Each structure stands twice: as C-alpha cells, then as structure tokens.
Amino acid sequence: FKVGFTDEKGWPGHFNIKPEQVPEMLSSGKTVCASMIDPGSPALTAFLQGISRDFAVAGRFFFNSYLSPDGAGFGLHLDHHPVSIMQIEGRKRWWYSPEPGLREVVTNVSFPKDREVLKLPWVTVRHPREEELCEVVLSPGDVLYMPKGTWHRAAAEGSSLGLTLAMESVLPLELIQAALASHMNKIELRSQLPGFWRESIVDGMPRELEERLDCALAQLRSALNSTTASDLYKVWRQVQAARSRQVALKMS
C-alpha cells in the first residue's frame, strides 16, 4: 500500500505504508492506493485476460485501486499513459480537460497551485483555465476514460473506492535499440577506447580519439539508416506477443 496526497502548494506526495496504517491515513484525509494489484479475483483475472487478448499493445495493462475519504483526491495533473477510472463504491467528482493538455508525454506532470506556467525539459505548459475543465460525478458502475496527457483532478464526496485500469506501452527508443542490437557487434563499437596523457588533451580532442569516435558513429549511422519502420513494427509485434504470453502464463 502507499498513501497519496497533495500538499498545501499543490505538489503530489507519496509514501509506503503497512496495511494496519490504512485507517490512520484515511482519518488524516489522505488517499490510500494499492498499486499494480495482483489480479487474484476471478473477475479481475478474466478482465485482464480479455483486454490483453483483444487489444494489441507492446506493453501491459494493470489495475490500481484508490480509497479516498471525504474531500480527498489528487490535485491537477496529467498521466503519461491512458487510464480508465471505474467507480466501485461511493462517489467522486472529477474535473478534466476536454482534450489532452499534452499530446506527447514523457512523464506524469503535476501543476502546483501557485504556478500558471511550468517549464518542462521538453515543453512549456500553461495551467488550464477552470472554466475550460469538464466536470462529472462518478457513481458506482460509472467509467471515465482519459487519454494520456489529459489534465484532471478529483475529490471524493463521502468515502470513495475506485479502480483504475492503466496501460503502459513500449517507447520508440526501446524498439530502435532492439532493432539495432544485431548491428552492435561491430569492432568499431565494441573495442575499448584508448587513454591519453592529460597534457595531450589540453588543446582539444586527440586525433586518434576523434578518428575512433567517427568510425563508431559511421557504423551506427549506417545501421540506423538501413532500419525502416517495418523493421521496428516487427520488433513491436515480437514485444507484443511476448507480453501476451506473459499475461497468459500469469493468469493460468
């Protein structure tokens, strides 16, 4: 188990707890999260089996469960993967952007209360206006789907128990690395680089080192230039099939 909360500045916080600490955390207004639930129940097992069979993704699906006391919920943030929120017990109010705030997301992003602009390493984002957010209250049996990059926040109305289905997928860089693996045994890439007297590098890169690095880059460029999207798709299918077999074995 872990506890999730939003501090007074709007930043998210998490820490692990023991099961016997759950009542204490709930009474202090914090949300308790059971992450990556092992699908021991027949219903969850059948659900994961079905979606893994019918939905092709080079990644995995997993469940998180969130138990929130009255008024508790995470502040405004977006996730780097799509999520489906299933309300199990109680009610929870959600605010979410009608369109993803970011189309390409490297990591989860939280917006603190005192910021209008966040400068991330790959993009600068602005806080969505409150009037732009959609609002809905989930009751038991309701499902809310949000694509990756969708801004959202939530607050329980009374006690709330929700189950979230998340999907994580392989990165393009991982496919490229796998596709290039067979080209990585070239001597130019595997031979260790030489060392140099410190005085010899004061005025710049030694010629021998430059030549060795140029040769290594040439081999890498040649391998990359000969790699096509079809090659990456083959790797994607291999990863997808392997993950499907893993799910089938785990569920059996």
Side-chain angles (χ1 to χ4, degrees), residues 1-52 55 57 59-96 107-113 136-146 148 150-169 243-244 246-252:
F1 290 94
K2 68 178 181 180
V3 163
F5 64 97
T6 302
D7 66 19
E8 64 278 0
K9 293 185 178 180
W11 292 108
H14 299 89
F15 56 87
N16 295 329
I17 62 170
K18 297 178 180 179
E20 57 268 24
Q21 294 178 284
V22 170
E24 176 189 351
M25 296 298 107
L26 293 175
S27 64
S28 65
K30 295 180 174 63
T31 293
V32 175
C33 172
S35 300
M36 297 186 182
I37 300 173
D38 186 11
S41 74
L44 293 185
T45 298
F47 190 95
L48 284 182
Q49 283 178 327
I51 196 168
S52 297
F55 195 91
V57 57
R60 61 174 178 164
F61 291 94
F62 60 91
F63 283 113
N64 292 335
S65 181
Y66 297 89
L67 180 61
S68 300
D70 186 35
F74 294 143
L76 189 68
H77 68 284
L78 55 80
D79 297 318
H80 73 298
H81 53 263
V83 295
S84 295
I85 297 100
M86 309 170 196
Q87 191 68 21
I88 306 301
E89 294 181 2
R91 289 157 54 91
K92 202 166 195 177
R93 187 175 298 273
W94 291 83
W95 295 264
Y96 61 93
T107 184
N108 296 350
V109 179
S110 295
F111 233 119
K113 297 177 181 178
V136 65
V137 177
L138 298 188
S139 298
D142 291 340
V143 177
L144 175 63
Y145 171 76
M146 289 185 290
K148 72 174 183 179
T150 301
W151 291 112
H152 59 282
R153 60 183 174 88
E157 296 190 348
S159 179
S160 167
L161 175 63
L163 195 62
T164 295
L165 176 68
M167 184 193 81
E168 287 189 337
S169 185
R243 296 289 174 85
S244 295
Q246 290 175 358
V247 171
L249 288 173
K250 188 173 182 180
M251 302 301 174
S252 62

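This one's a predicted model, so the numbers in the text were calculated from it and none came from an experiment.
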Sorted by chain and number, sequence neighbours left out, side-chain hydrogen bond (donor to acceptor under 3.5 Å, both in side chains) with Thr31 holds for Ser68
With sequence neighbours left out, the residues meeting side-chain hydrogen bond (donor to acceptor under 3.5 Å, both in side chains) with Trp94 are none
Tightest non-hydrogen contact, residues Ser84 and Val143, listed as CB-CG1, 4.5 Å
By side-chain contact (heavy atoms from CB on, under 4.5 Å), Ala166 pairs with (sequence neighbours left out) Phe62, His81, Val83
- [ ] Report the relative orientation of the aromatic rings in Phe111 and Trp151; use parallel for angles under 30°, tilted for 30 to 60°, perpendicular for over 60°.
- [x] tilted
Sorted by chain and number, sequence neighbours left out, side-chain contact (heavy atoms from CB on, under 4.5 Å) with Leu67 holds for Leu26, Ser159, Leu161
So salt bridge (Lys or Arg N to Asp or Glu O under 4.0 Å) across residues 62-78, not counting sequence neighbours, yields none
Of all heavy-atom pairs linking Phe61 and Ser52, the shortest is CD1-OG, 4.3 Å
Closest non-hydrogen atoms of Gly71 and Ala155, given as atom of the first, atom of the second and distance, are O-CB, 4.0 Å
Residues at least two apart in sequence or cross-chain that pass side-chain contact (heavy atoms from CB on, under 4.5 Å) with Ala46, listed by chain then number, are none
The ring pair (Phe, Tyr, Trp, His ring centres under 6.0 Å) partners of Phe47 (sequence neighbours excluded) come to Phe63
Between Pro82 and Tyr145 the two heavy atoms that sit nearest each other are CB-OH, 3.5 Å
Hits for salt bridge (charged side-chain N to carboxylate O under 4.0 Å, His left out) against Lys148, two or more places apart or cross-chain, chain-then-number order -> Glu104
Item checked: side chain to side chain contact (heavy atoms under 4.5 Å, CB included) between Met86 and Leu165, worked out -> CA-CA 8 Å; Met86 309 170 196; Leu165 176 68; 3.7 Å; yes
Output for pair (Met25 CE, Phe15 CZ), nearest 0.5 Å, gives 5.0 Å
Quiz prompt | Side chain Gln49, main chain Ile51, donor-acceptor under 3.5 Å | solution = no
OH of Tyr96 to CG of Leu144, rounded to nearest 0.5 Å, is 6.0 Å
Exercise for the section: Without swapping roles, check the side chain of Thr150 against the backbone of Met146 for a donor-acceptor pair under 3.5 Å. Expected result: no
With sequence neighbours left out, the residues meeting side-chain hydrogen bond (donor to acceptor under 3.5 Å, both in side chains) with Glu24 are none
Asp142 meets the side-chain contact (heavy atoms from CB on, under 4.5 Å) criterion, sequence neighbours left out, with Leu138, Ser139
By side-chain hydrogen bond (donor to acceptor under 3.5 Å, both in side chains), His77 pairs with (sequence neighbours left out) His152
SG of Cys33 to OH of Tyr66, rounded to nearest 0.5 Å, is 4.0 Å
ask   = Can you list the steps and then say if Gln87 with Ser160 is a side chain to side chain donor-acceptor pair (under 3.5 Å)?
value = CA-CA 8 Å; Gln87 191 68 21; Ser160 167; 2.9 Å; yes
Across all chains, not counting sequence neighbours, the salt bridge (charged side-chain N to carboxylate O under 4.0 Å, His left out) partners of Arg91 are Glu157
- Message: Applying side chain to side chain contact (heavy atoms under 4.5 Å, CB included) to Leu44 and Leu163, what does each step give before you reach the verdict?
- Response: CA-CA 10 Å; Leu44 293 185; Leu163 195 62; 3.7 Å; yes
Minimal heavy-atom distance between Lys92 and Ala72, with the atoms involved, is CE-O, 4.0 Å
Let's go through Phe55 and Met167 carefully: what are the C-alpha distance in whole Å and the side-chain angles of both, what is the deciding distance for side chain to side chain contact (heavy atoms under 4.5 Å, CB included) to 0.1 Å, and is it a yes or a no? CA-CA 11 Å; Phe55 195 91; Met167 184 193 81; 3.7 Å; yes
Tightest non-hydrogen contact, residues Leu76 and Arg153, listed as N-CB, 3.7 Å
